[in-house]
Amino acid sequence: MATVTLDKNKLAYNYNFLKSLLDENNVHMGVVSKLFCGEDSFLRELINLGVREIHDSRVSNLKKIKNIDPSVQTVYIKPPAKNAITQLVKFADVSFNTEYETIKLISQEAKRQEKIHRIFIMIEMGDLREGVMGDDVVDFYESVFELPNIEVIGVGTNLNCLYGVMPSQDKLIQLGLYKQLIEAKFNQRIPWVSGGSSVTIPLIFKSQLPKSVNHFRVGEMLYFGNDLFSGNPVEGLYTDVLKLHAQIIELTQKPKVPVGEFGENPSGEQFEINEEDYGQESYRAILDVGLLDANPEYLVPEDRQLELTGASSDMLVIDLGENKSNYKVGDYLSFDLKYMGALSLFNSDYVDKKVIE
């Protein structure tokens, strides 16, 4: 069985690096755990690090966190579905919201459960995913402030996750101004301005983060160590906290060009042949992982001389060239992961998950 590993020491190093960076800039860090898809042992590693605020987009995962440590503040980070309100109020201390009717239902359920439910209201800043439109912000807040058992603790925005609109100093200054406007108009204190996710952190490196922004939701940079502006690794961070290890189940020298009449494969792909490959052979390894588990586009062989040549539902084919490393059946090949590849692997029941030192 293929295995995804989490290196606990590298995770701890990245966490301490980022926490120190954000502490120095008076920014509170909530850690996003949705990548782990509720994997219990990995959630425990976050809590063991001392993380006291964990964000997720599945209520079932927040329930697991509460079962591990009820004192951890759990945050639901997408607009809730109406049929999930009861469980949301039970297992999420905080939620991100954009719909008044949904917040009204949360208010009613919080009253029934004798709780105060805290919310961030997300504001649309250009990426056109979730968010209240700017022209509607004042009226929206006025309605929400009237609801019982609801405490508005922050304004927030989401950038880069849909159309790739990047955070900027101007956009985040505007977000802070919304907070000041609401506080002044309604005489309500709003303590948090949640300026985004890992993609916003590079503004700190450029000294462009507005002082009003004091809350981040951090996941991708913690696990992958990348600057999402440049696409390059952040100096001082590990990029391989998570890795895939897949076993070779066949290794044979074969022609580089398929033989026969070509049609579409089950994925709807039709291949074009490189004429230079006619008559050539190479060693090809088949691994015990496939499209059902992850798109090969998001897997990067640790051995950079290897080439991913294709995949079917349950198998991944690797061109080993002359196999100078003398790989054999039973050996494991390791892969660095991109975010979407890791997400798919964690969501697969056919891939083992393991914490390593």
Side-chain angles (χ1 to χ4, degrees), residues 26-28 30 53 55 57 59 62 73-159 161-162 165 167-197 200 209-217:
N26 299 310
V27 177
H28 175 76
E53 179 180 311
H55 297 217
S57 56
V59 175
L62 298 181
Q73 177 167 270
T74 49
V75 184
Y76 186 78
I77 54 171
K78 67 179 181 182
K82 289 185 177 181
N83 62 1
I85 297 301
T86 299
Q87 294 295 296
L88 172 82
V89 173
K90 186 174 182 180
F91 297 111
D93 301 308
V94 183
S95 60
F96 287 11
N97 286 270
T98 60
E99 289 288 340
Y100 173 75
E101 290 300 323
T102 302
I103 301 172
K104 187 176 178 180
L105 291 175
I106 294 173
S107 168
Q108 294 168 357
E109 181 61 29
K111 186 175 181 180
R112 191 187 70 80
Q113 294 189 27
E114 298 181 339
K115 289 184 174 181
I116 300 296
H117 187 81
R118 300 188 293 279
I119 67 171
F120 281 80
I121 295 177
M122 302 297 281
I123 300 175
E124 177 58 58
M125 301 294 289
D127 201 43
L128 300 183
R129 204 178 72 172
E130 79 276 21
V132 178
M133 296 301 293
D135 289 345
D136 301 326
V137 165
V138 172
D139 291 341
F140 191 93
Y141 271 84
E142 184 174 20
S143 299
V144 171
F145 282 139
E146 296 174 354
L147 295 174
N149 296 75
I150 294 291
E151 180 184 355
V152 180
I153 64 168
V155 300
T157 195
N158 184 78
L159 293 163
C161 285
L162 188 59
V165 174
S168 67
Q169 188 176 40
D170 288 344
K171 285 184 180 294
L172 296 179
I173 287 174
Q174 184 180 354
L175 182 64
L177 291 175
Y178 279 124
K179 179 247 195 190
Q180 293 177 25
L181 172 63
I182 298 303
E183 287 185 326
K185 185 170 182 62
F186 298 106
N187 194 29
Q188 294 272 358
R189 180 176 178 271
I190 300 176
W192 301 109
V193 177
S194 191
S197 56
T200 313
L209 184 71
K211 291 183 179 180
S212 60
V213 175
N214 60 1
H215 183 275
F216 279 1
R217 298 99 61 188

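The figures here come from the full heavy-atom set of this structure, side chains too, leaving out hydrogens, waters and symmetry mates.
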Q) By side-chain hydrogen bond (donor to acceptor under 3.5 Å, both in side chains), which residues pair with Asp93, not counting sequence neighbours? A) Lys66, Thr74

Q | With sequence neighbours excluded, residues passing side-chain hydrogen bond (donor to acceptor under 3.5 Å, both in side chains) with Thr200 | A | none

Q. Which residue pairs satisfy the salt bridge (charged side-chain N to carboxylate O under 4.0 Å, His left out) criterion with at least one member in residues 147-158, sequence neighbours excluded?
A. none

Q: Considering non-hydrogen atoms only, spot the tightest contact between Val152 and Val144 and give its length.
A: CG2-CG1, 3.7 Å

When the side chains of residues 181-188 are checked against the rest of the protein, which donor-acceptor pairs come out under 3.5 Å, sequence neighbours left out?
from   : atom 1 : to     : atom 2 : distance (Å)
Glu183 : OE1    : Lys179 : NZ     : 3.4
Glu183 : OE2    : Ile190 : N      : 2.8

Please tabulate, for the side chains in residues 96-103, all donor-acceptor contacts under 3.5 angstrom to protein atoms that are two or more places apart in sequence or on a different chain.
from  : atom 1 : to    : atom 2 : distance (Å)
Asn97 : ND2    : Ser95 : O      : 3.3
Asn97 : ND2    : Ser95 : OG     : 2.8

Q | Heavy-atom pair with the smallest gap, counting every atom of Ala110 and His117 | A | CB-CB, 4.2 Å

Q: Using the test side-chain hydrogen bond (donor to acceptor under 3.5 Å, both in side chains), find all partners of Tyr178 that sit at least two apart in sequence or belong to another chain.
A: Gln174

Q: Kindly state each residue pair satisfying side chain to side chain donor-acceptor pair (under 3.5 Å) with at least one member in residues 106-115, sequence neighbours excluded.
A: Glu109-Arg112, Glu109-Gln113

Q: Indicate the atoms forming the closest heavy-atom contact of Leu172 with Gly195, along with that distance.
A: CD2-O, 3.5 Å

Please table the atom pairs, donor to acceptor, closer than 3.5 Å between any side-chain atom in residues 76-91 and protein atoms at least two apart or in another chain.
none

Q: Please report the C-alpha distance between Leu159 and Val165 in whole Å, then the side-chain angles of each, then the deciding distance to 0.1 Å, and finally whether the side-chain contact (heavy atoms from CB on, under 4.5 Å) criterion is met.
A: CA-CA 6 Å; Leu159 293 163; Val165 174; 4.1 Å; yes

**Q.** Nearest-0.5 Å distance that lies between atom CD1 in Ile123 and atom OG in Ser194
**A.** 11.0 Å

**Q.** Val155 and Ile121, any side-chain heavy atoms less than 4.5 Å apart
**A.** no

Q | Non-neighbouring partners of Tyr141 that pass ring pair (Phe, Tyr, Trp, His ring centres under 6.0 Å), sequence neighbours left out | A | Phe145

Q: Under the side-chain hydrogen bond (donor to acceptor under 3.5 Å, both in side chains) rule, collect the residues that match up with Glu142, sequence neighbours excluded.
A: none

(Q) Please list all pairs meeting side chain to side chain donor-acceptor pair (under 3.5 Å) that have one or both residues in residues 126-138, counting only residues at least two apart or in different chains. (A) Arg129-Asn158

**Q.** Value rounded to 0.5 Å, distance of CG in Leu209 from CD in Gln169
**A.** 8.5 Å

**Q.** Any side-chain heavy-atom pair of Glu53 and Val94 under 4.5 Å
**A.** no

